[in-house]
Amino acid sequence: MALLTVRNLSLGYDSRLIIEGLNFYVNAGDYLCIVGENGSGKTTLMKTLLHLQEPVSGKILIGDGLKKNEIGYLPQQTDIQKDFPASVKEIVLSGCQGRCGFRPFYCREDKQNARNNMERMGITEIAGRCYRELSGGQQQRVLLARALCATKKILLLDEPVSGLDPKVTAEMYRLIKDLNHEGITIIMISHDIGAAVRYASHILHVGTDLFYGTRDEYVKSNVGKCFLMQRKGGGE
Amino acid sequence: MLGKLFLYMQYPFVQYALIVGMLIALCSSLLGVTLVLKRFSFIGDGLSHVAFGVMAIAGVLKMTNDMMLIIPVTILSAIILLRTGRNTMIKGDAAIAMISVGALAFGYLIMNVFSTSANLSGDVCSTLFGSTSILTLTKKEVLLCTVLSIMVVIIFILYYNKIFAVTFDEKFSKATGVNADRYNLLIAIMISIIIVLAMNLVGSLLISALVIFPAISAMHLFRSFKTVTICSATISMICAFLGMVISILAGTPVGSTVVAVNALAFMICYLLGFITGGSRK
(Lines give C-alpha, C1' and ligand atoms only; values in the text may rest on other atoms or scores of the structure.)
Protein backbone atom coordinates (compact mmCIF):
# COMPACT_ATOMS: atom_id res chain seq x y z
CA MET A 1 0.00 0.00 0.00
CA ALA A 2 1.14 3.54 -0.71
CA LEU A 3 2.53 5.74 2.06
CA LEU A 4 -0.18 8.30 1.42
CA THR A 5 -3.36 7.88 -0.59
CA VAL A 6 -5.68 10.77 -1.31
CA ARG A 7 -9.18 9.81 -2.42
CA ASN A 8 -11.71 12.17 -3.93
CA LEU A 9 -10.54 15.02 -1.74
CA SER A 10 -12.30 18.40 -1.76
CA LEU A 11 -10.77 21.38 -0.01
CA GLY A 12 -11.96 24.85 0.75
CA TYR A 13 -12.95 27.46 3.26
CA ASP A 14 -16.53 27.85 4.47
CA SER A 15 -18.68 27.21 1.43
CA ARG A 16 -16.11 28.03 -1.23
CA LEU A 17 -14.41 25.01 -2.71
CA ILE A 18 -10.86 25.50 -3.94
CA ILE A 19 -10.04 21.98 -5.05
CA GLU A 20 -12.52 19.28 -5.98
CA GLY A 21 -12.16 15.57 -6.64
CA LEU A 22 -8.45 15.27 -6.05
CA ASN A 23 -6.92 11.80 -6.31
CA PHE A 24 -3.30 10.86 -5.96
CA TYR A 25 -0.97 8.61 -4.03
CA VAL A 26 2.58 8.85 -2.80
CA ASN A 27 4.81 5.79 -2.58
CA ALA A 28 7.80 5.49 -0.32
CA GLY A 29 10.80 7.10 -1.99
CA ASP A 30 8.80 9.38 -4.29
CA TYR A 31 9.66 13.01 -4.85
CA LEU A 32 6.39 14.81 -5.46
CA CYS A 33 6.19 18.46 -6.40
CA ILE A 34 2.93 20.33 -6.02
CA VAL A 35 2.72 23.18 -8.52
CA GLY A 36 0.04 25.63 -9.55
CA GLU A 37 -0.94 29.29 -9.66
CA ASN A 38 -1.08 31.46 -6.53
CA GLY A 39 -4.29 30.86 -4.63
CA SER A 40 -4.90 27.51 -6.29
CA GLY A 41 -4.88 25.76 -2.91
CA LYS A 42 -1.37 24.34 -2.67
CA THR A 43 -0.86 25.44 0.92
CA THR A 44 -4.39 24.40 1.88
CA LEU A 45 -3.67 20.96 0.48
CA MET A 46 -0.50 20.69 2.49
CA LYS A 47 -2.23 21.80 5.67
CA THR A 48 -4.84 19.13 5.09
CA LEU A 49 -2.19 16.48 4.53
CA LEU A 50 -0.71 17.50 7.87
CA HIS A 51 -4.11 17.34 9.57
CA LEU A 52 -3.94 21.02 10.46
CA GLN A 53 -7.18 21.50 8.60
CA GLU A 54 -10.18 19.26 7.95
CA PRO A 55 -11.06 18.44 4.33
CA VAL A 56 -14.55 19.33 3.07
CA SER A 57 -14.95 15.79 1.83
CA GLY A 58 -12.82 12.85 0.78
CA LYS A 59 -10.17 10.86 2.55
CA ILE A 60 -6.48 10.85 3.25
CA LEU A 61 -5.23 7.37 4.03
CA ILE A 62 -1.83 6.70 5.48
CA GLY A 63 -0.24 3.31 4.98
CA ASP A 64 3.03 1.44 5.25
CA GLY A 65 2.96 1.77 9.01
CA LEU A 66 3.42 5.54 8.88
CA LYS A 67 2.35 7.11 12.17
CA LYS A 68 0.94 10.57 12.63
CA ASN A 69 3.95 11.73 14.61
CA GLU A 70 6.41 10.50 11.99
CA ILE A 71 5.83 13.29 9.50
CA GLY A 72 8.45 15.99 9.08
CA TYR A 73 7.39 19.47 8.02
CA LEU A 74 9.26 22.52 6.83
CA PRO A 75 6.83 25.42 7.13
CA GLN A 76 7.31 28.89 5.75
CA GLN A 77 8.91 31.26 8.21
CA THR A 78 6.63 33.24 10.46
CA ASP A 79 7.04 36.78 11.73
CA ILE A 80 7.40 35.48 15.26
CA GLN A 81 10.55 33.58 14.33
CA LYS A 82 12.34 36.59 12.88
CA ASP A 83 13.22 38.04 16.29
CA PHE A 84 12.98 34.89 18.38
CA PRO A 85 15.85 34.42 20.83
CA ALA A 86 16.67 30.75 20.41
CA SER A 87 19.85 28.84 19.71
CA VAL A 88 20.14 26.48 16.75
CA LYS A 89 20.46 23.52 19.10
CA GLU A 90 17.26 24.38 20.96
CA ILE A 91 15.31 24.61 17.72
CA VAL A 92 16.64 21.38 16.21
CA LEU A 93 15.97 19.53 19.45
CA SER A 94 12.37 20.76 19.49
CA GLY A 95 11.78 18.58 16.44
CA CYS A 96 11.92 15.55 18.75
CA GLN A 97 9.03 16.89 20.83
CA GLY A 98 6.34 14.99 18.91
CA ARG A 99 7.73 11.68 20.12
CA CYS A 100 8.14 12.79 23.73
CA GLY A 101 4.48 12.48 24.68
CA PHE A 102 4.15 13.33 28.35
CA ARG A 103 7.87 12.93 29.03
CA PRO A 104 9.00 16.37 30.22
CA PHE A 105 12.63 16.32 29.11
CA TYR A 106 14.56 15.10 26.09
CA CYS A 107 16.27 11.75 26.49
CA ARG A 108 19.75 10.79 25.32
CA GLU A 109 18.44 9.36 22.02
CA ASP A 110 16.67 12.63 21.23
CA LYS A 111 19.87 14.58 21.81
CA GLN A 112 21.87 12.14 19.68
CA ASN A 113 19.21 12.36 16.98
CA ALA A 114 19.47 16.17 17.00
CA ARG A 115 23.27 16.01 16.82
CA ASN A 116 23.15 13.59 13.88
CA ASN A 117 20.75 15.76 11.95
CA MET A 118 22.78 18.90 12.59
CA GLU A 119 25.78 17.01 11.26
CA ARG A 120 23.75 15.93 8.22
CA MET A 121 22.76 19.50 7.45
CA GLY A 122 26.27 20.83 8.09
CA ILE A 123 25.26 23.16 10.90
CA THR A 124 27.16 21.57 13.78
CA GLU A 125 29.56 24.55 13.96
CA ILE A 126 26.72 27.02 14.46
CA ALA A 127 24.82 24.94 17.04
CA GLY A 128 25.29 27.60 19.71
CA ARG A 129 24.45 30.58 17.52
CA CYS A 130 21.23 32.54 17.72
CA TYR A 131 18.70 31.68 15.04
CA ARG A 132 17.74 35.24 14.17
CA GLU A 133 21.36 36.15 13.38
CA LEU A 134 21.77 33.46 10.72
CA SER A 135 21.47 33.92 6.96
CA GLY A 136 18.33 32.78 5.19
CA GLY A 137 20.01 29.64 3.88
CA GLN A 138 21.34 28.70 7.31
CA GLN A 139 17.92 29.24 8.85
CA GLN A 140 16.36 26.86 6.34
CA ARG A 141 18.99 24.25 7.16
CA VAL A 142 18.15 24.59 10.84
CA LEU A 143 14.45 24.12 10.17
CA LEU A 144 15.21 21.20 7.87
CA ALA A 145 17.31 19.56 10.60
CA ARG A 146 14.40 20.04 12.99
CA ALA A 147 12.01 18.44 10.49
CA LEU A 148 14.40 15.48 10.13
CA CYS A 149 14.32 15.00 13.90
CA ALA A 150 10.60 14.44 13.60
CA THR A 151 10.76 11.87 10.80
CA LYS A 152 12.77 9.20 9.09
CA LYS A 153 10.23 8.58 6.37
CA ILE A 154 8.42 11.54 4.88
CA LEU A 155 9.09 15.26 4.61
CA LEU A 156 6.62 17.94 3.57
CA LEU A 157 8.14 21.21 2.44
CA ASP A 158 6.29 24.46 1.86
CA GLU A 159 8.28 26.52 -0.65
CA PRO A 160 11.66 25.80 0.91
CA VAL A 161 13.58 28.19 -1.33
CA SER A 162 11.45 31.33 -1.16
CA GLY A 163 13.60 34.35 -0.42
CA LEU A 164 16.91 32.57 -0.98
CA ASP A 165 19.51 33.71 -3.51
CA PRO A 166 20.24 31.47 -6.55
CA LYS A 167 23.39 29.89 -5.13
CA VAL A 168 21.77 28.97 -1.81
CA THR A 169 18.65 27.84 -3.67
CA ALA A 170 20.72 25.37 -5.70
CA GLU A 171 22.36 24.08 -2.49
CA MET A 172 18.96 23.66 -0.88
CA TYR A 173 17.66 21.64 -3.83
CA ARG A 174 20.74 19.45 -3.74
CA LEU A 175 20.25 18.85 -0.03
CA ILE A 176 16.65 17.81 -0.58
CA LYS A 177 17.65 15.59 -3.50
CA ASP A 178 20.24 13.87 -1.30
CA LEU A 179 17.66 13.26 1.40
CA ASN A 180 15.40 11.72 -1.22
CA HIS A 181 18.25 9.42 -2.29
CA GLU A 182 18.66 8.36 1.33
CA GLY A 183 15.11 7.06 1.14
CA ILE A 184 13.04 9.92 2.55
CA THR A 185 9.84 10.59 0.67
CA ILE A 186 9.50 14.25 -0.34
CA ILE A 187 6.35 16.26 -0.92
CA MET A 188 7.18 19.83 -1.84
CA ILE A 189 5.22 22.89 -2.80
CA SER A 190 7.13 24.85 -5.38
CA HIS A 191 6.77 28.06 -7.34
CA ASP A 192 9.81 27.18 -9.30
CA ILE A 193 8.43 24.97 -12.09
CA GLY A 194 11.88 24.64 -13.65
CA ALA A 195 13.28 23.03 -10.54
CA ALA A 196 10.14 20.95 -10.10
CA VAL A 197 10.52 19.23 -13.48
CA ARG A 198 14.25 18.89 -12.93
CA TYR A 199 14.16 17.17 -9.53
CA ALA A 200 10.74 15.63 -8.95
CA SER A 201 9.72 12.10 -9.81
CA HIS A 202 6.02 13.00 -9.77
CA ILE A 203 4.13 16.23 -10.32
CA LEU A 204 0.77 17.28 -8.94
CA HIS A 205 -0.69 20.30 -10.66
CA VAL A 206 -3.57 21.98 -8.84
CA GLY A 207 -5.80 24.73 -10.16
CA THR A 208 -8.59 24.77 -12.71
CA ASP A 209 -7.04 21.74 -14.36
CA LEU A 210 -5.88 18.97 -12.09
CA PHE A 211 -3.02 16.77 -13.13
CA TYR A 212 -1.23 13.99 -11.37
CA GLY A 213 1.46 11.80 -12.89
CA THR A 214 5.14 11.23 -13.30
CA ARG A 215 7.36 14.07 -14.40
CA ASP A 216 7.67 12.77 -17.97
CA GLU A 217 3.91 12.47 -18.31
CA TYR A 218 3.52 16.03 -17.02
CA VAL A 219 5.99 17.54 -19.46
CA LYS A 220 4.11 15.87 -22.33
CA SER A 221 0.61 16.74 -21.04
CA ASN A 222 -1.34 19.78 -22.16
CA VAL A 223 -1.57 21.23 -18.65
CA GLY A 224 2.16 20.87 -18.20
CA LYS A 225 3.09 22.30 -21.59
CA CYS A 226 0.83 25.27 -21.01
CA PHE A 227 2.17 25.97 -17.53
CA LEU A 228 5.79 25.57 -18.53
CA MET A 229 5.37 27.91 -21.50
CA GLN A 230 3.60 30.47 -19.42
CA ARG A 231 6.27 30.48 -16.74
CA LYS A 232 9.09 30.74 -19.25
CA GLY A 233 7.30 33.50 -21.11
CA GLY A 234 6.82 35.33 -17.84
CA GLY A 235 10.59 35.52 -17.46
CA GLU A 236 10.66 33.26 -14.41
CA MET B 1 19.17 53.86 56.55
CA LEU B 2 20.41 50.27 56.84
CA GLY B 3 19.41 50.19 60.49
CA LYS B 4 15.91 51.21 59.51
CA LEU B 5 15.85 48.44 56.91
CA PHE B 6 16.94 45.79 59.41
CA LEU B 7 14.32 47.00 61.85
CA TYR B 8 11.59 46.65 59.23
CA MET B 9 12.89 43.26 58.16
CA GLN B 10 12.07 41.89 61.58
CA TYR B 11 8.35 42.43 61.11
CA PRO B 12 6.66 39.32 59.76
CA PHE B 13 4.46 41.31 57.38
CA VAL B 14 7.55 42.73 55.69
CA GLN B 15 9.07 39.27 55.39
CA TYR B 16 5.85 37.89 53.94
CA ALA B 17 5.66 40.74 51.46
CA LEU B 18 9.21 40.18 50.27
CA ILE B 19 8.74 36.42 49.86
CA VAL B 20 5.40 36.68 48.08
CA GLY B 21 6.53 39.63 45.97
CA MET B 22 9.60 37.84 44.71
CA LEU B 23 7.71 34.63 43.98
CA ILE B 24 5.13 36.56 41.97
CA ALA B 25 7.88 38.36 40.10
CA LEU B 26 9.53 35.02 39.33
CA CYS B 27 6.34 33.48 37.92
CA SER B 28 5.33 36.49 35.86
CA SER B 29 8.76 36.80 34.27
CA LEU B 30 8.93 33.10 33.37
CA LEU B 31 5.74 33.24 31.35
CA GLY B 32 6.46 36.78 30.22
CA VAL B 33 9.05 35.52 27.74
CA THR B 34 6.49 33.26 26.08
CA LEU B 35 3.76 35.89 26.02
CA VAL B 36 6.01 38.56 24.55
CA LEU B 37 7.26 36.18 21.85
CA LYS B 38 3.77 34.95 21.03
CA ARG B 39 2.71 38.61 20.62
CA PHE B 40 0.37 38.31 23.57
CA SER B 41 1.95 41.06 25.66
CA PHE B 42 -1.36 42.78 26.21
CA ILE B 43 -3.15 39.69 27.42
CA GLY B 44 -1.84 40.34 30.93
CA ASP B 45 -3.38 43.77 30.87
CA GLY B 46 -6.73 42.52 29.61
CA LEU B 47 -6.91 39.73 32.16
CA SER B 48 -5.99 41.98 35.03
CA HIS B 49 -8.94 44.23 34.21
CA VAL B 50 -11.17 41.20 34.20
CA ALA B 51 -9.77 40.27 37.59
CA PHE B 52 -10.52 43.80 38.78
CA GLY B 53 -14.13 43.49 37.66
CA VAL B 54 -14.53 40.14 39.40
CA MET B 55 -12.89 41.48 42.51
CA ALA B 56 -15.49 44.23 42.62
CA ILE B 57 -18.28 41.66 42.40
CA ALA B 58 -16.64 39.55 45.11
CA GLY B 59 -16.39 42.65 47.26
CA VAL B 60 -20.07 43.41 46.85
CA LEU B 61 -20.99 39.81 47.65
CA LYS B 62 -18.82 40.15 50.74
CA MET B 63 -16.96 36.95 49.97
CA THR B 64 -14.37 36.11 52.57
CA ASN B 65 -12.06 34.40 50.12
CA ASP B 66 -12.40 36.31 46.86
CA MET B 67 -9.55 34.40 45.16
CA MET B 68 -11.88 31.41 44.77
CA LEU B 69 -14.08 33.47 42.47
CA ILE B 70 -11.43 35.60 40.79
CA ILE B 71 -9.13 32.79 39.68
CA PRO B 72 -11.73 30.65 37.82
CA VAL B 73 -13.32 33.63 36.06
CA THR B 74 -9.93 34.95 34.98
CA ILE B 75 -8.93 31.53 33.68
CA LEU B 76 -12.15 31.37 31.69
CA SER B 77 -11.48 34.78 30.10
CA ALA B 78 -7.94 33.75 29.28
CA ILE B 79 -9.22 30.69 27.44
CA ILE B 80 -11.72 32.80 25.51
CA LEU B 81 -9.04 35.34 24.60
CA LEU B 82 -6.59 32.72 23.37
CA ARG B 83 -9.31 31.07 21.31
CA THR B 84 -10.27 34.31 19.55
CA GLY B 85 -6.71 34.52 18.27
CA ARG B 86 -7.67 31.91 15.71
CA ASN B 87 -11.35 32.46 15.01
CA THR B 88 -11.46 35.65 13.09
CA MET B 89 -14.86 36.89 14.22
CA ILE B 90 -13.16 39.51 16.37
CA LYS B 91 -9.43 40.00 15.95
CA GLY B 92 -7.22 39.19 18.93
CA ASP B 93 -6.27 42.71 19.97
CA ALA B 94 -9.81 44.04 19.62
CA ALA B 95 -11.15 41.15 21.71
CA ILE B 96 -8.66 41.86 24.46
CA ALA B 97 -9.47 45.57 24.43
CA MET B 98 -13.22 44.89 24.55
CA ILE B 99 -13.07 42.42 27.41
CA SER B 100 -10.62 44.48 29.40
CA VAL B 101 -12.30 47.89 29.25
CA GLY B 102 -15.71 46.26 29.62
CA ALA B 103 -14.66 44.52 32.80
CA LEU B 104 -13.01 47.67 34.10
CA ALA B 105 -16.14 49.74 33.53
CA PHE B 106 -18.50 47.18 35.06
CA GLY B 107 -16.17 46.66 38.00
CA TYR B 108 -16.09 50.34 38.84
CA LEU B 109 -19.83 50.67 38.25
CA ILE B 110 -20.61 47.82 40.63
CA MET B 111 -18.25 49.15 43.25
CA ASN B 112 -19.84 52.54 42.99
CA VAL B 113 -23.44 51.42 43.12
CA PHE B 114 -23.22 48.76 45.80
CA SER B 115 -20.27 49.86 47.86
CA THR B 116 -20.72 50.33 51.58
CA SER B 117 -17.20 51.56 52.10
CA ALA B 118 -16.59 55.10 53.27
CA ASN B 119 -13.52 55.56 51.15
CA LEU B 120 -14.55 54.39 47.70
CA SER B 121 -11.89 56.15 45.65
CA GLY B 122 -9.26 54.82 48.05
CA ASP B 123 -10.52 51.28 47.51
CA VAL B 124 -10.53 51.67 43.75
CA CYS B 125 -7.08 53.22 43.74
CA SER B 126 -5.62 50.42 45.82
CA THR B 127 -7.08 47.71 43.56
CA LEU B 128 -5.83 49.49 40.47
CA PHE B 129 -2.37 50.42 41.68
CA GLY B 130 -1.78 47.93 44.46
CA SER B 131 -0.75 50.64 46.94
CA THR B 132 0.06 48.70 50.10
CA SER B 133 -1.98 45.53 49.77
CA ILE B 134 1.14 43.35 49.61
CA LEU B 135 2.03 44.57 53.10
CA THR B 136 -1.36 43.74 54.52
CA LEU B 137 -1.61 40.09 53.44
CA THR B 138 -2.97 37.66 56.00
CA LYS B 139 -1.11 34.48 56.76
CA LYS B 140 -3.66 32.47 54.78
CA GLU B 141 -3.22 34.65 51.70
CA VAL B 142 0.54 34.37 51.96
CA LEU B 143 0.23 30.60 52.06
CA LEU B 144 -2.11 30.53 49.06
CA CYS B 145 0.17 32.83 47.04
CA THR B 146 3.23 30.77 47.90
CA VAL B 147 1.63 27.45 47.02
CA LEU B 148 0.20 28.73 43.75
CA SER B 149 3.41 30.37 42.61
CA ILE B 150 5.52 27.35 43.45
CA MET B 151 3.05 25.24 41.47
CA VAL B 152 3.40 27.56 38.48
CA VAL B 153 7.20 27.35 38.65
CA ILE B 154 7.14 23.54 38.83
CA ILE B 155 4.70 23.23 35.94
CA PHE B 156 6.77 25.66 33.92
CA ILE B 157 9.93 23.61 34.45
CA LEU B 158 8.19 20.32 33.63
CA TYR B 159 6.65 21.72 30.46
CA TYR B 160 9.53 23.99 29.51
CA ASN B 161 10.46 22.08 26.35
CA LYS B 162 6.87 21.84 25.18
CA ILE B 163 6.25 25.52 25.85
CA PHE B 164 9.33 26.34 23.81
CA ALA B 165 8.25 24.14 20.89
CA VAL B 166 4.74 25.56 20.83
CA THR B 167 5.95 29.16 21.17
CA PHE B 168 8.55 28.89 18.44
CA ASP B 169 6.37 27.18 15.87
CA GLU B 170 2.82 26.18 16.65
CA LYS B 171 2.12 24.82 13.17
CA PHE B 172 5.16 22.57 13.11
CA SER B 173 4.37 21.29 16.60
CA LYS B 174 0.81 20.45 15.62
CA ALA B 175 1.90 18.81 12.37
CA THR B 176 4.38 16.58 14.15
CA GLY B 177 1.90 15.34 16.72
CA VAL B 178 2.31 17.75 19.65
CA ASN B 179 -0.99 18.70 21.20
CA ALA B 180 -0.42 22.44 20.86
CA ASP B 181 -3.92 23.41 21.97
CA ARG B 182 -3.41 21.65 25.27
CA TYR B 183 -0.23 23.61 25.97
CA ASN B 184 -1.79 26.89 24.92
CA LEU B 185 -4.52 26.15 27.44
CA LEU B 186 -1.90 25.41 30.06
CA ILE B 187 -0.19 28.74 29.34
CA ALA B 188 -3.55 30.52 29.62
CA ILE B 189 -4.31 28.94 32.99
CA MET B 190 -0.88 29.72 34.38
CA ILE B 191 -0.96 33.33 33.23
CA SER B 192 -4.40 33.82 34.82
CA ILE B 193 -3.17 32.53 38.16
CA ILE B 194 -0.13 34.79 37.99
CA ILE B 195 -2.25 37.83 37.12
CA VAL B 196 -4.52 37.30 40.09
CA LEU B 197 -1.54 36.86 42.39
CA ALA B 198 0.24 39.86 40.94
CA MET B 199 -2.73 42.09 41.68
CA ASN B 200 -1.58 41.96 45.30
CA LEU B 201 1.85 43.21 44.39
CA VAL B 202 1.36 45.88 41.77
CA GLY B 203 -2.40 46.29 41.36
CA SER B 204 -4.32 45.50 38.23
CA LEU B 205 -3.22 48.41 36.04
CA LEU B 206 0.48 47.74 36.35
CA ILE B 207 0.60 43.96 35.94
CA SER B 208 1.67 43.93 32.31
CA ALA B 209 4.82 45.73 33.37
CA LEU B 210 5.82 42.71 35.46
CA VAL B 211 5.15 40.43 32.52
CA ILE B 212 6.79 42.47 29.76
CA PHE B 213 9.73 44.44 31.18
CA PRO B 214 11.92 41.58 32.45
CA ALA B 215 11.38 39.55 29.27
CA ILE B 216 12.27 42.42 26.96
CA SER B 217 15.26 43.38 29.11
CA ALA B 218 16.59 39.81 28.98
CA MET B 219 16.10 39.62 25.22
CA HIS B 220 18.48 42.54 24.80
CA LEU B 221 21.21 40.69 26.62
CA PHE B 222 20.86 37.02 25.68
CA ARG B 223 20.17 35.01 22.57
CA SER B 224 18.94 31.58 23.50
CA PHE B 225 15.57 30.75 24.97
CA LYS B 226 17.03 29.17 28.08
CA THR B 227 19.38 32.03 28.94
CA VAL B 228 16.68 34.61 28.18
CA THR B 229 14.26 32.83 30.52
CA ILE B 230 16.79 32.52 33.33
CA CYS B 231 17.94 36.12 32.93
CA SER B 232 14.36 37.38 32.83
CA ALA B 233 13.57 35.56 36.08
CA THR B 234 16.69 36.94 37.76
CA ILE B 235 16.08 40.53 36.66
CA SER B 236 12.47 40.34 37.74
CA MET B 237 13.24 39.02 41.22
CA ILE B 238 16.00 41.55 41.82
CA CYS B 239 13.75 44.39 40.66
CA ALA B 240 10.87 43.23 42.84
CA PHE B 241 13.14 43.02 45.86
CA LEU B 242 14.74 46.44 45.27
CA GLY B 243 11.39 48.02 44.48
CA MET B 244 9.81 46.75 47.67
CA VAL B 245 12.76 47.75 49.85
CA ILE B 246 12.83 51.22 48.35
CA SER B 247 9.11 51.66 48.79
CA ILE B 248 9.29 50.56 52.44
CA LEU B 249 12.17 52.91 53.18
CA ALA B 250 10.94 55.88 51.19
CA GLY B 251 7.25 55.36 51.85
CA THR B 252 6.38 55.25 48.15
CA PRO B 253 3.57 53.05 46.72
CA VAL B 254 4.86 49.49 46.26
CA GLY B 255 3.42 48.73 42.81
CA SER B 256 4.65 51.80 41.00
CA THR B 257 8.06 51.62 42.65
CA VAL B 258 8.54 48.01 41.52
CA VAL B 259 7.51 48.94 37.99
CA ALA B 260 9.79 51.99 37.99
CA VAL B 261 12.75 49.82 39.01
CA ASN B 262 11.84 47.39 36.22
CA ALA B 263 11.77 50.23 33.70
CA LEU B 264 15.17 51.40 34.91
CA ALA B 265 16.53 47.85 34.59
CA PHE B 266 15.22 47.76 31.04
CA MET B 267 17.11 50.93 30.16
CA ILE B 268 20.31 49.53 31.65
CA CYS B 269 19.88 46.26 29.73
CA TYR B 270 19.15 48.15 26.54
CA LEU B 271 22.37 50.14 26.89
CA LEU B 272 24.38 47.05 27.83
CA GLY B 273 22.92 45.21 24.87
CA PHE B 274 23.76 48.10 22.61
CA ILE B 275 27.35 48.18 23.81
CA THR B 276 27.88 44.43 23.48
CA GLY B 277 26.07 44.31 20.16
CA GLY B 278 23.33 42.04 21.46
CA SER B 279 20.54 44.39 20.54
CA ARG B 280 21.60 44.70 16.95
CA LYS B 281 19.34 42.48 14.91
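This structure is a prediction, so every number in the text was calculated from the model and none was measured. The chains referred to below are lettered A, B, ... by the order of the sequence lines, with proteins before strands, and numbering in each begins at 1.
The existence of a salt bridge linking B:Lys226 and A:Glu90 is excluded, since no basic side-chain nitrogen approaches an acidic carboxylate oxygen closer than 4.0 Å. Taking the charged nitrogens against the carboxylate oxygens, B:Asp169 and B:Lys174 have no contact shorter than 4.0 Å, which rules out a salt bridge.
Using the six-membered ring where Trp is involved, B:Tyr159 and B:Tyr183 have ring planes that are tilted, between 30° and 60° apart.
Summarising the local packing, CD of A:Glu109 is surrounded by 12 or fewer heavy atoms from other residues, nucleotides or ligands at distances under 6.0 Å. The environment of A:Tyr25 atom OH is sparse: at most 12 non-hydrogen atoms of other residues, nucleotides or ligands sit within 6.0 angstrom.
Using a 4.5 Å cut-off between heavy atoms, A:Leu49 makes no contact with chain B at all. Both the backbone and the side chain of A:Arg146 come within contact range of chain B, each with at least one heavy atom under 4.5 Å from a heavy atom of that chain. When heavy atoms are compared at a cutoff of 4.5 Å, B:Ser173 does not approach chain A at all. Contact annotation for A:Ile80: both backbone and side-chain heavy atoms come within less than 4.5 Å of a heavy atom of chain B. Neither the backbone nor the side chain of A:Lys89 comes within less than 4.5 Å of any heavy atom of chain B. The contact between A:Tyr131 and chain B is made entirely by side chain atoms (from C-beta outward), counting heavy-atom distances below 4.5 Å.
None of A:Arg120, A:Glu119, A:Gln112 except one satisfies the side-chain hydrogen bond (donor to acceptor under 3.5 Å, both in side chains) rule with A:Asn116; the exception is A:Gln112.
Note on A:Tyr73, A:Phe84, A:Phe102: by heavy-atom pairs under 4.5 Å with chain B, the leading option is A:Phe84. Contact tally against chain B (heavy-atom pairs below 4.5 Å) for A:Ser94, A:Ala86, A:Pro75, A:Ser87: the top residue is A:Ala86. Among B:Phe222, B:Phe225, B:Phe172, the residue with the largest count of heavy-atom pairs under 4.5 Å with chain A is B:Phe172. The most heavy-atom pairs under 4.5 Å with chain B, out of A:Thr78, A:Ile71, A:Ile91, come from A:Ile91. For the set A:Ala150, A:Gly98, A:Cys100, the count of heavy-atom pairs under 4.5 angstrom toward chain B peaks at A:Gly98. Interface check for chain A: of the options B:Leu158, B:Val228, B:Asn161, B:Thr176, the most heavy-atom pairs under 4.5 Å are formed by B:Asn161. For the set A:Leu156, A:Leu93, A:Leu52, the count of heavy-atom pairs under 4.5 angstrom toward chain B peaks at A:Leu52.
Using modelled atom types, no side-chain atom of A:Asp30 and backbone atom of A:Val26 make a donor-acceptor pair closer than 3.5 Å. Side-chain atoms of A:Lys42 come within 3.5 Å of backbone atoms of A:Glu37 as a donor-acceptor pair (strictly under, hydrogens ignored).
A:Leu45 has its side chain within reach of A:Leu9: a pair of non-hydrogen atoms, C-beta onward, lies under 4.5 Å apart.
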